[in-house]
Amino acid sequence: MAKKILLLDGNSLAYRAFFALPLLTNEHGIHTNAVYGFTMMLQRILEEENPTHMMVAFDAGKTTFRHETFSEYKGGRQKTPPELSEQFPYLRKLIDAYRIKRYELDNYEADDIIGTLSLEAERAGDEVVVISGDKDMTQLVSPSTTVYITRKGITDIEKYTVDHVREKYGLSPLQIIDMKGLMGDSSDNIPGVPGVGEKTALKLLAAHGSVEGVYEAIDQQKGKLKEKLVANEELAHISKKLATIERNAPIDISLEELAYDGPDQDELVKVWHELAFKTLLEKMDYTAEQTEKEEMKFQVLEHVDSSILEDEMAVHLELYDEHYHTCELLGVSLATAAKTYVIPMSVVEQSEEFRAWFRDPSKKKYMSDSKASTAAFYRCGIELNGVEFDLMLGAYIVNPSLTYTDLSNIVREYGYTDVATDEQIYGKGAKKSVPAEEVLHEHIARKARTIWTVRPVVLKKLEDNEQFDLYYHLELPLATILGAMESLGVKVDKDQLANMGKELAEKLAEIEKNIYWIAGQEFNINSPKQLGVVLFENLGLPVLKKTKTGYSTAADVLEKLEGQHEIISHILLYRQLGKLLSTYIEGLLKEIHEDGKVHTRFQQALTTTGRLSSTNPNLQNIPVRLEEGRKIRKAFVPSEENWLMVAADYSQIELRVLAHMSEDERLVEAFKNDLDIHTATAMDVFHVEAEEVTGDMRRAAKAVNFGIVYGISDYGLSQNLNITRKEAAAFIDRYFVSFPGVRKYMDDTVQSAKKDGFVTTIMKRRRYLPDITSSNFNLRSFAERTAMNTPIQGSAADIIKKAMIDMADALEREGMQTRMLLQVHDELIFEAPQDELEKLKTLVPQVMESAVTLNVPLKVDFAFGDTWFDTK
DNA sequence: CGTGTCACG
DNA sequence: ACGTACGTGACACGG
């Protein structure tokens with residue numbers, strides 16, 4: 001049977017894709033645009049062509065036989081950008097996953113491999129399609145060979161048949177070579193005849209057929225053209241030779257070996273996942289829904305049977321969605337090496353033996369997102385102890401830059417594909433629903449099985465990275481503590497909020513009226529687009545900054561315009577109050593549960609630095625800086641009569657961490673002497689005595705200190721202080737002269753990030769920074785600033801996490817009623833009975849300050865009051 | 001569902 | 001010359 005053979009020019013297509021697409025980066029920081037473009041093209045081609053045989057040819061090495069003919073061949077070419085080079089290994093992996101043959105041959109280019117095979121195929125009577133981004137390939141066109149050349153993008157293709165070549169150039173395919181011989185090709189540095197371009201070449205070939213024909217009839221030429229042709233005859237012949245694809249390369253692969261039987265689905269999923277080709281993965285999931293998963297036996301427990309409970313088991317509690325404080329509990333699964341069980345929720349709840357097993361800390365549970373289970377179980381009175389492994393937390397510690405939502409996606413990072421995503425099982429949006437029992441049970445069963453299977457892989461990585469301590473003694477115990485804090489919740493005074501809301505709404509209506517009157521028209525002030533038109537077109541204010549969609553109306557821009565029009569201050573006030581009303585009054589009211597409390601969720605596996613984040617509601621960004629907003633905190637009250645709110649925050653923890661890590665003498669000294677750090681910085685930078693430090697000097701020093709923590713840039717500082725970049729650069733220089741240890745630390749950190757590919761915190765938390773070696777200035781600069789910032793921000797996060805664990809222990813040990821409620825990056829919020837206050841005043845700072853020992857002291861400020869507002 | 005804006009550390 | 005401060009989440013708008 002005749003074959004249909006697809007021959008792809010790997011290098012050329014990768015180049016095309018690379019330059020056609022923006023520089024995409026996946027979450028590992030690998031650039032993926034060339035591989036992505038190549039994949040899209042491949043998908044399209046496979047769908048449309050149904051080939052029986054396939055091959056991707058690559059260029060091998062730098063020189064080919066063509067360089068012997070003409071040493072400058074392909075000279076003057078730009079070096080392959082590293083962002084593209086780094087993609088070739090992935091491209092090869094991808095092609096292997098498709099189970100397509102790859103081929104490269106020393107001394108030959110991809111063209112020659114393809115030329116040789118296409119000739120062989122023609123002789124055998126097979127149909128050939130050649131795919132490339134290089135028009136030279138059109139010389140291979142024949143009645144049985146079509147050449148596809150990518151246009152503009154990568155999936156847009158121009159198909160060259162014999163007819164199409166003739167239509168386009170008026171030439172036969174083989175004459176393409178003659179054309180190159182005459183006009184050359186700048187991209188390959190083929191000279192051709194100087195002064196002869198496409199038009200002249202086509203005219204000459206129309207008359208004489210070939211380069212040889214032109215020279216045989218050279219007497220028919222005249223004038224300048226003749227001179228040029230005569231003078232460059234040898235160059236013309238060399239050029240033709242260079243442009244000729246070799247069709248007898250010594251290839252040791254037969255057409256039969258190119259047989260294509262479709263991709264290795266598992267491998268393809270792995271590679272796509274590694275590259276983070278999300279849309280492609282979703283498409284594939286859709287088409288291959290129930291297929292390919294390894295069969296798995298499990299037992300559904302219809303009745304209580306506690307004899308199945310062992311000392312170590314993988315445990316999974318299935319929840320209907322991520323809002324685990326409110327959502328339905330769908331069942332539990334358990335797994336050991338030999339067995340997998342599914343237990344309906346009703347059976348779990350009925351059984352005192354199950355409850356006892358969950359409560360028993362000596363029964364080891366291997367879970368994923370154990371905090372969600374802790375909080376959800378809490379609602380049905382089940383206490384969870386003995387969590388010995390948490391897959392999500394483990395994976396997060398191994399690499400915090402990835403996203404950890406669905407168990408299925410987490411384990412795919414480890415090459416495990418036998419568990420579906422929740423979206424596949426439940427659907428999404430309006431169509432979301434619980435599936436048939438068998439489907440649900442299998443899904444749940446697979447989760448416990450997966451946790452059991454993947455656990456050793458994750459543990460191995462943690463061990464290799466020396467992160468056992470971070471894992472077992474920080475994140476794992478913290479999960480339990482956070483679960484308790486969330487379940488406990490924070491009491492919110494609804495009436496207080498509602499009253500503030502009423503007042504605010506009235507005020508806003510008045511400001512709104514005022515703005516309309518000043519503007520002379522009504523418009524939506526909340527629409528940056530409409531506001532931009534009013535300010536910058538109708539009122540003619542100067543445009544200081546633009547966004548990619550129009551005028552910027554951000555606060556920093558408006559503040560600069562404040563003196564120019566009275567409307568500005570009203571708009572700023574409107575924005576400020578509008579934010580309070582919509583986000584902090586209305587938004588918060590919606591989050592209050594029946595118990596009169598808000599139950600935030602602390603995301604423990606989200607930030608790249610090791611910090612927590614808080615959602616539904618976010619209790620880590622309740623207003624504090626402006627008095628108006630700060631009043632929101634009056635609504636956060638103790639949940640028991642006559643109790644107090646207590647707040648304890650670390651003073652300058654990030655700069656103290658910096659002092660510790662950099663061992664800068666002046667900085668360490670300043671903290672050891674408990675100086676006001678911004679004033680001390682100002683003294684050193686401006687060379688003045690403490691009494692001479694002005695408000696502005698301290699403000700500048702403070703901004704520089706912030707900048708240092710963020711990974712300083714003169715531009716960033718200049719924006720913050722509203723000064724020129726030069727002035728900012730001068731500040732930074734002076735800072736580094738005063739604190740040379742800090743400069744050295746920053747340099748060393750960036751260097752080590754370049755060497756290792758990652759940076760670490762004091763507790764060995766890691767963050768990978770692949771862009772640190774990028775040739776793209778922006779990406780590299782960003783990675784460098786991140787390298788400087790992450791150890792500081794991350795170590796501070798480590799410290800407060802440790803303090804939370806110590807604090808929970810201390811409260812327990814002392815038998816106190818005081819409850820830890822919130823963490824806000826550098827502070828802890830508690831509610832406490834009055835009679836424990838005196839003890840807390842010493843206990844809390846003492847515990848927090850001794851969470852770790854640095855070479856500078858840690859300092860904690862303690863405050864209390866009737867509401868969160870009053871803890872100042 | 002992306003963009004702009006603004007709240008926090 | 002390049003064009004940025006580090007880390008988050010929620011809301012309104014508008015396609």
So, is [X] near the phosphate of [N], with a side-chain N or O under 4.0 Å from OP1 or OP2?
{"X": "A:R725", "N": "C:dG3", "answer": "no"}
{"X": "A:K529", "N": "C:dG15", "answer": "yes"}
{"X": "A:S527", "N": "C:dG14", "answer": "yes"}
{"X": "A:R625", "N": "B:dA7", "answer": "no"}

Same-atom distance ([atom1]) from [N] to [M], integer angstrom:
{"N": "B:dC6", "M": "C:dG3", "atom1": "C1'", "answer": "23 Å"}
{"N": "C:dC2", "M": "B:dA7", "atom1": "C1'", "answer": "32 Å"}
{"N": "B:dT3", "M": "C:dT4", "atom1": "P", "answer": "14 Å"}

Could you check whether [X] gets within reach of a base, just the sugar-phosphate, or nothing at all, counting any heavy atom under 4.0 Å?
{"X": "A:E827", "answer": "nothing"}
{"X": "A:R575", "answer": "sugar-phosphate"}
{"X": "A:A728", "answer": "nothing"}
{"X": "A:G587", "answer": "sugar-phosphate"}
{"X": "A:N776", "answer": "nothing"}
{"X": "A:Q719", "answer": "nothing"}

- Item | Geometric cation-pi criterion A:R766 and A:F758, 6.0 Å radius, 45° cone | yes

- If you draw the axis of the six-membered ring of A:F869, does the NZ or CZ of A:K872 fall within 45° of it and under 6.0 Å from the ring centre? yes

- Going by the angle between their ring planes, with limits at 30° and 60°, are A:H593 and A:H325 parallel, tilted or perpendicular? perpendicular

- Query: Which one is paired to C:dC13, where only Watson-Crick or G-U wobble pairs with both distances under 3.5 angstrom count?
  - Reply: B:dG2

- Task: Mind running a 4.0 Å heavy-atom check of residues 598-622 of chain A against DNA chain B and sending the residues that fall below it, in number order?
- Result: A:R611, A:Q620, A:N621, A:I622

- Message: Contact list please: residues 546-554 of chain A against DNA chain B, heavy atoms, distance less than 4.0 Å, in numerical order.
- Response: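 Output list: A:T547, A:K548, A:T549, A:S552, A:T553, A:A554.
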
